[in-house]
Amino acid sequence: MPEFDTNTAPEREAVNRYNPAEIEPKWQAMWDADPELYRAEGHDSGKPKFYCLEMLPYPSGQLHMGHVRNYAIGDALARFMWMRGYNVLHPMGWDAFGLPAENAALKNNTPPRQWTLSNIEAMRKQMRRMGLSYDWAGTEIATCLPEYYRWNQYIFLKMVEKGLAYRKSSKVNWCPKCCTVLANEQVINGYCWRHEDTLVEQRELEQWFLRITNYADELLDGLDTLPGWPEKVRTMQRNWIGRSQGTLVDFAVNEAGSEGSPQTEQGRAGAGKITVFTTRVDTIFGATSVQLAPEHPLVKQWAQTDSGLADAVATMIAEQQAAREAGDIGGIEKHGIATSKHAINPFTGQTVPIWVANYILADYGTGAIMSVPGHDERDFEFAGKYGLPIKRVVAPNVDTDDFPLPYTGEEEAVLVDSGEWTGEAALEAQDKMAHFAEEHGFGKKTTTFRLKDWGVSRQRYWGTPIPMVYCQNGHEGVAPGGVVALPESALPVLLPESIEITQEGGSPLGRVPDFVNTTCPVCGGPARRETDTMDTFVDSSWYFYRYTDAKNSTAPFDSDKANYWFPIDQYIGGVEHAILHLIYSRFWTRVMRDLGMIKNSEPAQRLFTQGMVIKDGAKMSKSKGNVVSPDDMIARYGADATRMYALFAAPPDRDLEWQEEGVAGVSRFLARVYRLTTKFAHIVRSVEEGVHGDEIAPSAFAGQTPAGQALLRSLHQTIAKITEDFSGRWHFNTCIAAIMILVNEISTAERGIENGDVSPATVAEVFRTLVLLLAPFAPFVSAELWEQLGGKGVLFRQRWPAADAELGRESELEIPVQINGKLVTVIKVPADSEEEAIKTSALGDEKVVARLAGKTVVKVIMVKGKLVNLVVR
RNA sequence: GCCCGGGUGGUGAAAUGGCAGACACAGCGGACUUAAAAUCCGCAGACCCGAAAGGGUCGUGCCGGUUCGAGUCCGGCCCCGGGCACCA
């Protein structure tokens with residue numbers, strides 16, 4: 001095709017070559033110079049609002065491909081919503097406190113603040129290089145700056161006031177590598193979430209806790225109001241909260257009593273009681289022992305006078321510790337220690353033995369259970385091992401004795417051998433028996449949760465100081481050394497800058513006398529500051545509210561602004577935060593609601609969790625040596641191609657295998673777009689644009705040449721496809737495929753356009769629209785082409801093109817013809833054909849005729865515009 | 001063990017119950033070039049028949065079902081990834 005030669009002539013080539021290394025810095029400089037470009041408007045903008053949020057990164061100093069993917073998704077959406085006429089808030093900030101800064105300080109002797117701020121600098125530069133549409137000037141925050149963390153302290157004080165923050169001594173998770181306490185959520189299978197090879201130890205320490213359990217019910221029920229969240233995340237949170245309704249029942253401890261002999265009142269008055277938690281109080285007539293966790297307080301008490309028991313329990317705990325170290329706590333065999341004590345079942349009056357068992361969890365329920373081997377698999381296994389009696393009390397019906405053990409009961413199950421409840425339906429009996437226990441003072445209904453209060457104290461330096469002091473001499477109402485909250489006027493409690501980071505244990509702040517020594521705000525006497533800092537998850541629990549009013553110096557944010565923007569319309573991030581960050585945020589939002597700061601209960605209406613970026617089948621990691629650097633990709637192919645590949649290679653919720661050849665392919669595609677668009681830009685420029693800011697006026701279909709008609713048809717099909725995918729299922733890969741198909745069509749029509757076979761108006765419509773469609777995915781080259789086409793105004797403020805169904809309609813349809821569901825041929829019919837005509841045409845097709853020889857057509861299935869199926873005998 | 005995902009060409013993937021493999025990557029053939037790169041055009045699920053044009057059979061993890069018609073819906077399995085894991 002010699003006509004194409006013009007493109008390879010040297011002078012043409014120079015004009016038409018796609019060079020992202022030139023285009024991208026040019027546009028970046030223009031965008032960086034305009035802080036208003038992506039500035040969200042106020043609540044009086046008259047447009048519907050759209051809050052598009054991506055999870056804020058930790059400033060490690062380097063963007064990784066997971067970030068690139070996350071931000072490419074968010075940016076495409078934000079740009080699309082802008083073009084759809086929304087008032088978009090698209091903020092960015094830094095989750096800037098945390099241990100890596102201290103580690104870096106140890107290693108390089110750089111102060112954590114300096115290290116963090118220079119990392120932020122570097123990453124902000126990378127993000128700007130990617131062309132992300134953040135409102136930097138209006139929203140950027142860094143959680144390590146006092147302008148931000150003072151509001152952590154402020155809200156913490158409000159929580160102290162409300163009794164939502166409190167101090168208690170308890171067993172806590174301690175990571176010997178981090179030298180700090182971890183929240184339950186930060187312990188993974190007994191290991192530290194940051195150190196996969198480091199076992200978490202248990203230590204008894206005084207700590208600050210946030211009463212997240214106050215909101216346990218609400219956090220659970222609220223999940224039902226979030227249909228825009230992935231089911232997976234909701235399930236994970238449900239399991240984490242772990243609500244279960246059951247009954248507490250007191251078993252009196254009978255020191256002297258012997259097994260099996262009915263005793264009642266005197267027994268109950270004996271040596272204390274054991275409260276057990278059960279969800280199946282209806283099976284209590286089948287309880288044949290009581291089991292205690294090895295850490296149960298009564299066990300400790302008894303062990304003081306029973307060295308045999310003490311030794312056995314110590315061995316049991318050591319074994320569990322060892323199993324945990326081997327990462328095999330689940331595989332440990334059930335075993336128990338018989339004590340000499342007995343307990344009295346308050347329903348039957350019977351005495352049952354008390355055991356200590358390794359499968360009883362100390363920190364769930366009451367750390368004690370009634371063991372019902374007839375109706376619980378674990379108890380069954382245990383009873384089998386030690387020859388404890390197995391008694392069944394729930395059956396499919398009263399007369400049967402033919403069912404497997406343990407029999408866990410069905411809805412229609414009835415009680416047998418259960419005293420006055422015999423014959424009752426099991427489910428109803430649960431309720432009645434709980435009431436009975438309550439009336440008689442030995443039990444009550446209760447709800448327990450797996451969720452524990454959130455321990456927020458960290459024995460680290462690089463975090464928010466907890467704004468509390470300990471008054472050394474004490475004063476009225478406060479004992480010497482007692483805790484005193486600072487007044488709001490004392491905020492912020494600044495983190496001291498000059499500090500030597502060492503590897504010693506304990507809180508680093510404790511080694512800074514200027515920080516520690518202070519005065520009591522109430523009595524003026526000497527006081528010591530709290531030297532622990534807050535968990536960094538506090539910072540990220542409410543940062544998205546701060547974005548709505550990031551510069552406010554008198555309050556965390558203005559309530560009106562927050563109420564206008566919230567809830568977040570779309571939150572996008574990795575599924576690894578499904579429990580930690582996303583449950584803390586939901587808790588914190590409710591706390592702020594109850595403090596009157598905001599109205600809504602849920603921070604995010606819709607949540608999207610993107611898949612991982614993998615390479616050679618595995619998650620990218622330094623240790624595997626399969627990391628692909630975004631900088632490299634951008635340097636080689638440009639930001640547009642890198643971003644667009646991240647969206648093109650897989651749907652966003654699936655894992656994405658990074659293949660550099662694919663990035664090169666996208667880059668080639670952009671080069672084709674660039675070549676074609678610039679080649680015909682002079683035609684486009686010669687056609688007056690539609691009214692600025694309005695949709696491009698579609699060219700009329702009539703009077704077009706076939707080439708023009710084909711282009712218009714393809715164009716409007718593409719608009720429809722992309723608009724639909726953006727609003728619905730977010731399959732950006734098929735959006736981009738649709739643009740590629742359109743560009744292939746334009747390529748096919750290239751000669752026709754050159755020869756004037758396509759009207760200038762149509763050429764203009766096609767190229768202007770192509771650039772608009774490309775804008776959310778490849779903003780740099782789109783902006784460049786928009787300019788070269790003579791487009792007026794900022795590309796990202798143009799109206800998103802509207803699909804014209806009429807123009808997109810095919811004139812001729814290809815209808816597959818099947819016989820008994822098997823494809824025989826494809827016929828072409830005019831798009832406006834009547835069903836009867838299509839049928840006639842199908843039956844007349846020569847292949848069909850050949851196949852029908854000697855057969856009878858029983859039925860003809862016609863699917864409008866789709867297919868014909870002949871049912872034949 | 002339980003709860004989510006997923007299993008389709010050499011690869012990433014596409015397909016409201018209606019032509020399986022769009023769009024790409026890698027590959028192969030061709031044009032251009034002294035040559036290479038780049039670019040452009042074309043081929044491409046497997047197997048069988050045919051010199052070719054073309055034709056046929058099979059094919060979406062396995063087995064069964066519903067349906068005129070199943071990658072898609074239903075039942076029962078298998079495998080891979082992720083989460084939870086003695087929660088009484």
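What you see is a predicted model, and the numbers here were worked out from it, not measured in a lab. Chain identifiers are assigned alphabetically (A, B, ...) following the order of the sequence lines, protein sequences preceding nucleic acid strands; residue numbering begins at 1 within each chain.
Using bins of under 30°, 30° to 60° and over 60° for the plane-to-plane angle, the ring pair A:Phe382/A:Tyr359 lands in the tilted bin. Below 30°, between 30° and 60°, or above 60°: for A:Tyr364 and A:Phe277 the angle between ring planes is above 60°, a perpendicular geometry. The aromatic rings of A:Tyr674 and A:Tyr18 sit tilted, their planes meeting at an angle between 30° and 60°.
Side chain of A:Gln320 to main chain of A:Asn358: a donor-acceptor pair is present (N/O by atom type, distance under 3.5 Å, no hydrogens or angles).
Here, B:A36 and B:C19 have their P atoms 43 Å apart, quoted to the whole Å. Distance noted for atom C1' between B:G18 and B:G64: 23 Å (whole Å). Between the C1' atoms of B:C23 and B:C58, the separation comes to 26 Å (whole Å). One P atom belongs to B:A22, the other to B:U16, and the distance between them is 15 Å to the nearest Å. Taking the P atom of each, B:G29 and B:G21 are spaced 26 Å apart, rounded to whole Å. When the C1' atom is compared between B:A38 and B:A31, the two are found 14 Å apart, to the nearest whole Å. B:C73 and B:G5 have their P atoms separated by 12 Å, with the value rounded to a whole Å. The C1' atoms of B:C77 and B:G9 are separated by 26 Å, rounded to the nearest whole Å.
Surrounding NZ of A:Lys385 are more than 12 heavy atoms belonging to other residues, nucleotides or ligands, all under 6.0 Å away. Residue A:Glu810 places its CD atom among more than 12 non-hydrogen atoms of other residues, nucleotides or ligands, all under 6.0 Å distant.
Where A:Leu870 and A:Arg654 meet RNA chain B, the nucleotide closest to each residue was compared, and A:Arg654 sits on the side nearer the 5' end. Take the nearest nucleotide of RNA chain B for A:Lys847 and for A:Asn744: the residue whose nucleotide is more 5' is A:Asn744.
Between the CG atom of A:Asn239 and the P atom of B:C4 there is a distance of 10 Å, rounded to whole Å. Rounding to whole angstrom units, CZ of residue A:Arg238 and P of B:A85 are separated by 17 Å. Rounded to whole Å, atom C1' of B:A38 lies 12 Å from atom CZ of A:Arg675. The nearest whole Å value for the distance from the CD atom in A:Glu576 to the P atom in B:G83 is 10 Å. Computed from coordinates, the A:Asp379 CG to B:A88 C1' distance equals 7 Å when rounded to whole Å. Spacing between atom CD of A:Gln659 and atom C1' of B:C23 amounts to 15 Å, rounded to whole angstrom units. Atom CE of A:Met370 is separated from atom P of B:C86 by 20 Å (rounded to the nearest Å). What separates NE2 of A:His577 from C1' of B:G83 is a distance of 15 Å, to the nearest Å.
Distances from the side chain of A:Lys866 to the nucleotides B:U16, B:A88, B:C19 place B:U16 closest. Checking B:G18, B:A88, B:C4 against every side-chain atom of A:Ser244, the shortest atom distance belongs to B:A88. Distances were taken from every side-chain heavy atom of A:Thr278 (C-beta onward) to each of B:A88, B:G82, B:A20; the shortest belongs to B:A88. Distances were taken from every side-chain heavy atom of A:Ala649 (C-beta onward) to each of B:A88, B:G83, B:G12; the shortest belongs to B:G12. In this structure, of B:C23, B:C4, B:C3, it is B:C23 that holds the atom nearest to the side chain of A:Ala737. Relative to the side chain of A:Leu361, the nucleotides B:A15, B:C3, B:A88 differ in distance, and B:A88 lies closest. Counting only heavy atoms from C-beta on, A:Val871 has its side chain closest to B:C68 among B:C3, B:A88, B:C68.
Within the nucleic acid shown, A:Pro651 comes within 4.0 Å of sugar-phosphate atoms alone, with no base atom in reach, counting heavy atoms only. Heavy atoms of A:Gly665 sit under 4.0 angstrom from primed sugar atoms or phosphate atoms, though from no base atom. The residue A:Ile741 sits close only to the backbone: its heavy atoms come under 4.0 Å of sugar-phosphate atoms, none of a base. Heavy atoms of A:Gln818 sit under 4.0 angstrom from at least one base atom. Within 4.0 Å of A:Glu661, counting heavy atoms only, lie sugar-phosphate atoms of the nucleic acid but no base atom. Among the atoms of the strands shown, none is found under 4.0 Å from any heavy atom of A:Asp653. Residue A:Ile360 is in base contact, counting any heavy-atom pair closer than 4.0 Å across all strands shown. Counting non-hydrogen atoms under 4.0 angstrom, A:Phe648 reaches a base of the nucleic acid. Within the 4.0 angstrom heavy-atom criterion, base atoms lie near A:Glu814.
Put simply, A:Arg234 has no side-chain N or O that comes within less than 4.0 Å of OP1 or OP2 on B:C4. At the phosphate of B:A26, OP1 or OP2 sits under 4.0 Å from a side-chain N or O atom of A:Arg668. Here A:Lys679 does not reach the OP1 or OP2 of B:U39: none of its side-chain N or O atoms lies under 4.0 Å away. Regarding contacts with the backbone of B:A15, a side-chain N or O of A:Arg729 is found under 4.0 angstrom from either OP1 or OP2. For A:Arg851, a side-chain nitrogen or oxygen approaches OP1 or OP2 of B:G56 to under 4.0 Å. Phosphate contact (OP1/OP2 of B:A88, side-chain N/O of A:Tyr364, threshold under 4.0 Å): present. The phosphate of B:A14 has OP1 or OP2 within less than 4.0 Å of a side-chain N or O from A:Asn733. Listed pair A:Thr734 / B:A22 fails the phosphate criterion, with no side-chain N or O lying under 4.0 Å from OP1 or OP2.
The partner of B:A53 cannot be assigned: no Watson-Crick or G-U wobble pair with both contacts below 3.5 Å exists in any strand. Base pairing of B:A37 is not made with any nucleotide, judged by Watson-Crick or G-U wobble geometry with both donor-acceptor distances under 3.5 Å. The partner of B:C23 is B:G12, judged by Watson-Crick or G-U wobble contacts that both fall below 3.5 Å. Base pairing of B:G5 is made with B:C80, judged by Watson-Crick or G-U wobble geometry with both donor-acceptor distances under 3.5 Å. With a cut-off of 3.5 Å on both pairing distances, the Watson-Crick or G-U wobble partner of B:C28 is B:G42.
The base of B:C86 sits with one of its N or O atoms less than 3.5 Å from a complementary donor or acceptor on the side chain of A:Lys334.
By the 4.0 Å N-to-carboxylate-O rule, A:Glu231 lies close enough to A:Arg234 to be salt-bridged with it. Salt-bridge formation is detected for the pair A:Glu750/A:Lys679: a Lys NZ or Arg NE/NH1/NH2 atom is positioned less than 4.0 Å from an Asp or Glu carboxylate oxygen.
Relative to the six-membered ring of A:Trp240, A:Arg450 meets both conditions, a distance below 6.0 Å and an angle of at most 45° to the axis.
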Candidate pair A:Phe732 and A:Phe726, rule ring-ring contact (aromatic ring centres under 6.0 Å, His included), full reasoning: CA-CA 7 Å; A:Phe732 301 125; A:Phe726 245 118; 5.2 Å; yes
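Syn is the conformation of B:G9, whose glycosidic angle sits no further than 90° from 0.
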